[in-house]
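Take a look at the structure set out below.
Quick note: residue numbers are just sequence positions, from 1.
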Amino acid sequence: MSNQFTFMITENDVNQRLDLYLVDHIKNLSRSHIQKKIEQNQIFVNDRVVKSNYKLKLSDKIDVTIEEPKPVEIVPEDIPLDILYEDEHLIVINKKRGMVVHPAVGNYTGTLVNALLFHCDDLSGINGEIRPGIVHRLDKDTSGVMVAAKSDIAHLNLAAQIKAKTAQRKYLTIVHGNIKEDEGVIEGAIGRHVTDRKKMSIVFEGGKDAITKFRVLERFVEYTLVECSLLTGRTHQIRVHMTYIGHPVLGDPKYGTLKSPFKIEGQALHSATLEFIHPITEEEKFFSAPLPEDMEKILKVLRLKMKR
């Protein structure tokens with residue numbers, strides 16, 4: 001099933017952005033939703049695919065096809081989980097690199113959600129059937145500590161802590177190059193890449209503010225071990241920011257500009273610690289996850305080289 005819309009541009013609409021025009025003319029669709037539909041070739045201007053920021057011209061014809069999503073059944077799967085803590089309200093796990101957090105188009109099995117549905121009797125329903133219990137996420141190829149909620153009350157509380165940054169998350173990463181500063185702050189708004197819509201990048205208009213604090217833990221000749229803290233939570237933030245300052249994350253398949261001489265699948269980025277207030281008991285909770293074996297091996301090699 002699909003809904004069809006056609007609009008003809010008059011003098012009053014000339015020079016408007018395409019996405020903003022459609023927000024005003026199609027009910028119940030957000031700007032981000034419309035931008036996604038444009039990327040998915042469901043919106044045409046004069047029978048051509050254009051970008052979201054296309055400026056409308058007199059007599060332009062806009063054709064919109066909104067495909068209704070097909071119902072998807074997310075099946076529980078007996079996938080082993082590295083559980084750091086669990087009670088009736090929440091569960092904290094050490095996600096392995098390579099595991100997708102929640103199902104998406106073309107990838108409805110083998111995810112953390114599939115594993116959680118098998119393991120837990122209840123998960124919060126705030127994020128719908130596709131992302132039950134998921135309060136925050138990690139990229140597929142980022143490992144480390146994550147928390148999921150078993151009740152809506154716990155979910156709302158944890159989400160508020162993460163948004164307010166009272167829940168503290170620290171990441172460890174190995175990056176290319178030798179960072180000179182002992183610590184610093186990276187500021188740069190993040191938005192969709194101009195030419196590659198599957199990537200994020202630093203943008204100077206239309207993006208969201210992003211701030212990353214970093215602290216150098218160890219320096220090697222061509223690499224640096226860094227601790228990063230997020231003051232905002234943007235998609236791929238650490239990976240984009242480290243690339244922006246000329247120190248891309250080792251092994252990053254999307255933003256890495258240099259080949260890795262080490263055997264590692266995905267980027268050397270690990271969610272090392274997570275600290276928050278328990279949403280029900282109000283106890284301070286702190287969790288840590290050890291570096292994955294491949295990152296430990298890389299550091300061992302680098303440290304041996306430094307001793308020679």
Side-chain angles (χ1 to χ4, degrees), residues 1-74 100-109 111 127-131 137 139-141 187-210 232-244 248 252-257 266-267:
M1 293 289 292
S2 62
N3 295 314
Q4 306 283 338
F5 303 90
T6 298
F7 304 97
M8 296 298 298
I9 300 307
T10 65
E11 290 184 2
N12 293 332
D13 306 314
V14 170
N15 288 328
Q16 277 197 60
R17 280 177 58 117
L18 173 62
D19 53 359
L20 295 178
Y21 173 87
L22 291 176
V23 167
D24 292 334
H25 288 78
I26 302 177
K27 292 182 178 180
N28 302 321
L29 281 186
S30 67
R31 184 179 178 185
S32 61
H33 194 175
I34 285 171
Q35 290 173 343
K36 186 174 292 185
K37 296 300 179 186
I38 293 172
E39 293 173 15
Q40 294 170 344
N41 295 342
Q42 295 185 31
I43 297 175
F44 294 84
V45 177
N46 302 325
D47 299 320
R48 294 186 300 112
V49 176
V50 297
K51 294 182 179 180
S52 299
N53 63 356
Y54 172 83
K55 295 296 181 66
L56 296 172
K57 299 178 179 62
L58 185 64
S59 299
D60 275 349
K61 181 169 77 77
I62 306 172
D63 292 304
V64 181
T65 302
I66 305 297
E67 299 287 347
E68 294 185 2
K70 298 177 181 178
V72 176
E73 181 182 2
I74 308 303
V100 175
V101 170
H102 59 77
V105 176
N107 189 35
Y108 291 110
T109 63
T111 73
N127 276 337
E129 296 180 359
I130 297 294
R131 294 184 289 175
R137 60 183 293 278
D139 297 334
K140 173 187 174 183
D141 290 324
E187 296 187 55
I190 292 176
R192 288 287 171 188
H193 194 281
V194 176
T195 57
D196 187 347
R197 306 303 288 176
K198 293 182 180 180
K199 292 175 65 174
M200 309 302 289
S201 68
I202 299 296
V203 296
F204 298 99
E205 59 178 48
K208 295 181 178 179
D209 291 340
T232 56
R234 310 305 179 202
T235 302
H236 302 170
Q237 180 172 317
I238 292 174
R239 298 163 65 189
V240 172
H241 271 175
M242 296 312 296
T243 298
Y244 178 60
D252 192 331
K254 191 179 289 285
Y255 303 99
T257 55
Q267 61 268 2

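To the nearest 0.5 Å, the span separating CG on L56 from CG on D13 amounts to 7.0 Å. Interatomic distance, L18 CG to I9 CD1, rounded to the nearest 0.5 Å: 8.0 Å. Taking OG1 from T10 and CG from D60, the interatomic distance works out to 11.0 Å, rounded to the nearest 0.5 Å. Taken from OG in S59 to CE in M8, the straight-line distance is 5.5 Å, to the nearest 0.5 Å. Rounding to the nearest 0.5 Å gives a distance of 13.5 Å between CD of Q237 and OH of Y244.
The two residues G207 and A189 have their closest heavy-atom pair at C-CB, 4.2 Å. Considering all non-hydrogen atoms of both residues, G188 and H241 come closest at O-NE2, 3.1 Å.
In this structure, the side chains of T6 and Q4 stay at 4.5 Å or more apart for every pair of heavy atoms. Taking 4.5 Å as the limit, some side-chain heavy atom of R17 sits within range of a side-chain heavy atom of R31. I202 places a side-chain heavy atom less than 4.5 Å from the side chain of I190. Counting only heavy atoms from C-beta outward, the side chains of M242 and D252 never approach each other to under 4.5 Å.
For K51, the side chain to side chain contact (heavy atoms under 4.5 Å, CB included) criterion is met by N53, V194, not counting sequence neighbours. In this structure, the side chain to side chain donor-acceptor pair (under 3.5 Å) partners of Q35, at least two apart in sequence or on a different chain, are D19. With sequence neighbours excluded, the residues that form a side chain to side chain contact (heavy atoms under 4.5 Å, CB included) with T235 are M200. Qualifying side chain to side chain contact (heavy atoms under 4.5 Å, CB included) partners for D47, counting only residues two or more places apart in sequence or in other chains: K61, D63. Residues satisfying the side chain to side chain contact (heavy atoms under 4.5 Å, CB included) criterion with V64, sequence neighbours excluded, are F5, F7, L22, I26, I43, I62, I66. The side chain to side chain donor-acceptor pair (under 3.5 Å) check on Q16 picks up nothing, with sequence neighbours excluded.
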Exercise. Which is it for I38 and Y54 under the side-chain contact (heavy atoms from CB on, under 4.5 Å) test, yes or no, and what are the steps along the way?
Worked result: CA-CA 11 Å; I38 293 172; Y54 172 83; over 6 Å; no
Exercise. D139 and Q267: side-chain contact (heavy atoms from CB on, under 4.5 Å), yes or no, with the steps?
Worked result: CA-CA 10 Å; D139 297 334; Q267 61 268 2; 4.0 Å; yes
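More than 12 heavy atoms of other residues, nucleotides or ligands sit less than 6.0 Å from atom NZ of K199. K57 NZ: more than 12 foreign heavy atoms inside a 6.0 Å radius.
Contact check on D141 versus K254 returns no salt bridge, with no Lys/Arg side-chain nitrogen under 4.0 Å from an Asp/Glu carboxylate oxygen.
Ring pair H25/Y21 is parallel by interplanar angle, where below 30° counts as parallel and above 60° as perpendicular.
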